[in-house]
Amino acid sequence: MEKKPAFLCRNPHELYSLRMQRNREKMEREKTEQHQNQFKRKLRVCVATCNRADYSKLAPIMFGIKAHSDEFELEVVVLGSHLIDDYGNTFRMIEQDDFDINSKLHTIVRGEDEAAMVESVGLALVKLPDVLQRLRPDILIVHGDRFDALALATAAALMNIRILHLEGGEVSGTIDDSIRHAISKLAHYHACCTRMAEQHLIAMCEDHSRILLAGCPSYDKLLLTHRKDDYMDIIKSWLGDKVQDRDYIVALQHPVTTDIQHSIKIYGLMLDALLSFNKKTLILFPNIDAGSKEMVRVMRKKGIEQHQNFRAVKHIPFEQFIQLVCHAGCMIGNSSCGVREAGAFGTPVINLGTRQTGRETGENVLHVRDADTHNKIYHALELQFGKRYPCSKIYGDGSAVPRILKFLRSIDLDEPLQKTFCFPPVKESISQDIDHILETQSALAVDLGGTNLRVAIVCKRGNILKKYTENNPKTFEDRMCLILKMCKDAIQDAVSINCRILGVGVSTGGRVNPQEGVVLHSTKLIQEWSCVNLRTPISDALHLPVWVDNDGNCAALAEKKFGHGKGVENFVTVITGTGIGGGIIHHYELIHGSTFCAAELGHIMVSLEGPECSCGSRGCVEAFASGMALQREAKMLHDEDLLKVEGIDKLCEPITAVHLITAAKMGNSKAEAVLHKASTALGVGIVNILHVVNPSLVILSGVLGSFYQEPVQHVINQRALKSAQSIKVVSSHLEEPALLGAASMVLDYATRRTY
């Protein structure tokens, strides 16, 4: 008999169950495919720009998104003063950058007063819903603290569009603060520029996992382009052929909407001071805030546009503007560019009034908060014009865009849209492992020794994350080239290991002026290393602040931050290595002395007729107890065949201090006598220190530190005054005191501003 198919043998109930199971499996497959397709779909990112200033921050991100067109779909909305002729029709520069503008919205109600600003917000709210409904972005990127941006954030939030807010959490001191914080509360994600801004957002109950510490995107562009060779052509095109580098002023003053009349008065005083100062000045028109029309009237009343020393302009392309700021003798006004971008070049800045009072600033900014007289502003110009300051990277390190793109990729569109707030108490985050949320604050440490040149990436906990070692070149030029190359390699590697480099600390032998970053006199071990300015070339090349001190002081700083000296008010560190050096901490501060030769502990004389020292004198501690002194004595014993140890033939390898110590431990009386003399000399030198500065602790650092600890303590007990005999001598547990001390200069200053 022919066999029936299986489905004909089943009853109707079984067939129904089978069909249902197959339907369920089909639905599951479709759901999985739909989910996978969602992941494959490009992320639609809408960037909305309102004016020339925010475009300079948004443009690098837009270029980054456009460069990754396989992952992102860029949509551009232009509104605000971009579309106004009086402000330069700056939407054209967006088109010149080859971006397709999806929508242009005329949202500004003219009048330049408080009512016009409110009406402009209302007009934007009327027009934006249609645009956002048509574009249907996955995420809207909004920048800063402008009233136009508040309208954008309000519309997007009410239409359930995710918002990424740039530069939230900052404090400036005007109505901008209120608008900025309001946008932050509407935004779902945040890309902030500084650690302090990040902490402000956390204090505002924003979710820490949705905050990215990125840095300012404009730094990505300005750090790459400001060193172009054609800068003089740009300067001359805006200010004339006779103007020289650093011999002109850039002025940019905006109205303060909470005190319009006072800001107009300051503007007039600034113009009077600039007229009196008699330098070529490039002055930009103020922004469109309430009061700007009156400020322009003041400018025209004083004849600024016709004056031979002034060039008044409505707009300058960003690439050219940063060149002009970089090479200016001074920048004056109240623009955020003065306290942010100008710091990256070390350009002197005079900040007038209260508009930027709360901003974090570098050393280059001189505040004239109460700018109520012409003389006060003129005096500030005299103080600042023509100076140069260390480069500051408070607001960015040139890697903001890659971080922001990485952050965008991590956004899960399946996450609930509704924001959740992290209400107090807010726990301070000690460490973070989520690489796109928080990077490790780190320093570049450079140690210039007689033989080796070393560079290390050191985190703020004192861990050396990566170290590079090369032979120290013999000439100045080769040495500087190698330092810069090793530092640049380390900075590149720091990104891959999730570190943010805050600055560079340099430890070097010799006498150093740390205030100027200059090596005054070098040791004989490092050639061509006297009267050398280290700070300026390193800072200019790396765009990072630089600190310099000698290796002894760095060892003391290392102990103060990471070693036995942590929390100790008064202590002395003595380095016992190739030479003898050290540093003195008194009332928690490092002592440098009037001519920067305090704590030259190796050159304390302990004998009038002792051996010759490398400094040219005789009887110094270093001439008795340093590694070189012990090596000298060991060679003399070896040459006289007196370094014998029972069971060991005459040594053929190079003789070092190690052989002397080994021989003494094995009972060689001549070696024991040499080491006893060396220990006594070092101990007597330290007793002298105890009687002068009276520390509570002595820390012996370096390769010979553990060997000298016990005999030095014995000398103190025998020879020191009774009140000083209780002072303890300990051996350092730090393996790299010079590198750690160099790093501590950066970490202490950059994180707490205490050094």
Side-chain angles (χ1 to χ4, degrees), residues 431 440-472 483 486-487 489-490 493-494 497 499 501 504-509 525-526 547-568 571-583 585 590 599 601-602 625-628 630-631 656-658 661-662 682 697-710 712 728-748:
S431 65
T440 305
Q441 285 186 321
S442 306
L444 268 192
V446 180
D447 176 31
L448 282 147
T451 305
N452 293 324
L453 171 57
R454 300 183 301 158
V455 173
I457 302 171
V458 183
C459 74
K460 66 178 183 178
R461 290 187 173 185
N463 298 324
I464 295 178
L465 305 179
K466 197 158 187 178
K467 186 165 66 173
Y468 312 77
T469 303
E470 298 284 351
N471 291 329
N472 193 347
I483 290 171
M486 292 174 73
C487 286
D489 291 344
D493 292 343
I497 60 175
C499 290
I501 302 298
V504 182
V506 181
S507 167
T508 180
L525 298 175
I526 308 178
W547 290 267
V548 186
D549 214 328
N550 76 18
D551 48 9
N553 287 337
C554 284
L557 290 173
E559 294 295 339
K560 176 176 178 282
K561 188 169 181 66
F562 303 115
H564 292 303
K566 193 171 185 179
V568 180
F571 70 90
V572 172
T573 299
V574 181
I575 298 181
T576 56
T578 306
I580 299 288
I585 301 293
L590 182 64
L601 309 181
S626 67
M628 289 184 68
L630 296 183
Q631 183 182 37
T656 67
V658 174
I661 295 170
T662 303
L682 179 61
L697 181 68
V698 175
I699 303 170
L700 297 182
S701 180
V703 292
L704 298 172
S706 58
F707 170 77
Y708 278 133
Q709 179 187 352
E710 188 176 331
V712 166
K728 293 294 182 187
V729 178
V730 297
S731 176
S732 174
H733 61 73
L734 300 179
E735 294 184 4
E736 300 285 0
L739 287 172
L740 292 178
S744 76
M745 292 191 288
V746 177
L747 296 170
D748 278 350

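Each residue takes its place number in the sequence, starting with 1.
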Nearest 0.5 Å, please: how far is CD in Q709 from OG1 in T576?
11.0 Å
Quick check against the 3.5 Å criterion: does D551 have a side-chain atom that pairs as donor or acceptor with the backbone of A738?
no
Side-chain heavy atoms of K566 within contact of K561, under 4.5 Å
no
What distance separates D447 CG from T469 OG1, expressed to the nearest 0.5 Å?
9.0 Å
Minimum heavy-atom distance between L704 and G577, given as atom pair plus value:
CD1-O, 4.3 Å
Is there a side-chain contact between V730 and L697 in this structure, where contact means two heavy atoms from C-beta onward sitting under 4.5 Å apart?
yes
Heavy-atom closest contact (C459 atom, L747 atom, distance)
O-CD1, 3.7 Å
Could you grab the distance from atom CG of L465 to atom CG of D493, nearest 0.5 Å is fine?
11.5 Å
How about E559 and S732: does a side-chain donor come under 3.5 Å of a side-chain acceptor?
yes
Nearest 0.5 Å please: distance from the OG1 atom of T508 over to the CG atom of N550.
8.5 Å
Hey, mind stepping through L630 and V658 against side chain to side chain contact (heavy atoms under 4.5 Å, CB included) and telling me if it holds?
CA-CA 9 Å; L630 296 183; V658 174; over 6 Å; no
What pairs with A490 under side-chain contact (heavy atoms from CB on, under 4.5 Å), at least two apart in sequence or on another chain?
L444, V455, I457, Y468
From W547 atom CH2 to C554 atom SG, the distance as rounded to the nearest 0.5 Å:
13.0 Å
With heavy-atom distances below 4.5 Å as the criterion, would you say the side chains of E735 and I464 are in contact?
no
To check you understand the geometry: which heavy-atom pair defines the closest contact between A743 and A443, and what is its length?
O-CB, 3.8 Å
Within the structure provided, determine whether V458 and L740 are in side-chain contact (heavy-atom separation under 4.5 Å).
yes
Could you tell me if the side chain of L590 sits less than 4.5 Å from the side chain of L557, heavy atoms only?
yes
Under 3.5 Å donor-acceptor, Y708 side chain and S731 backbone:
no
Non-hydrogen side-chain atoms of F571 and V698 separated by less than 4.5 Å
no
Measuring only between side-chain heavy atoms, which start at C-beta, is V574 closer than 4.5 Å to I699?
no
By side-chain contact (heavy atoms from CB on, under 4.5 Å), which residues pair with E710, not counting sequence neighbours?
none
Can a salt bridge be assigned to the pair E736 and K467 using a cut-off of 4.0 Å between side-chain N and carboxylate O?
yes
Given side chains that start at C-beta, do those of H733 and H564 come closer than 4.5 Å, heavy atoms only?
yes
Where do S701 and T573 come nearest, in terms of heavy atoms and distance?
CB-CG2, 4.1 Å
So, using side-chain hydrogen bond (donor to acceptor under 3.5 Å, both in side chains) as the criterion, who are the partners of Q631 when residues are at least two apart?
none
Gap separating the CG atom of L682 from the CG atom of L700, nearest 0.5 angstrom
6.5 Å
Shortest non-hydrogen contact between A742 and V506, atoms and distance
CB-N, 4.0 Å
Residues that K728 engages under salt bridge (charged side-chain N to carboxylate O under 4.0 Å, His left out), provided they are two or more places apart:
none
Measure across S744 and A558 and return the closest heavy-atom pair with its distance rounded to 0.1 Å.
OG-N, 4.3 Å
Run the side chain to side chain contact (heavy atoms under 4.5 Å, CB included) test on K460 and S442 for me, step by step, so that the C-alpha distance in whole Å, both residues' side-chain angles and the decisive distance to 0.1 Å come before the verdict.
CA-CA 6 Å; K460 66 178 183 178; S442 306; over 6 Å; no
Output, in order, the C-alpha distance, side-chain angles, deciding distance and verdict of side chain to side chain contact (heavy atoms under 4.5 Å, CB included) for V572 and L601.
CA-CA 10 Å; V572 172; L601 309 181; 3.8 Å; yes
Not counting sequence neighbours, which residues clear side-chain hydrogen bond (donor to acceptor under 3.5 Å, both in side chains) with S626? List them please.
none
Under the side chain to side chain contact (heavy atoms under 4.5 Å, CB included) rule, what do N452 and N471 come out as? Steps first, then yes or no, please.
CA-CA 5 Å; N452 293 324; N471 291 329; 3.6 Å; yes
Which residues pass the side-chain hydrogen bond (donor to acceptor under 3.5 Å, both in side chains) test with N463, sequence neighbours left out?
none
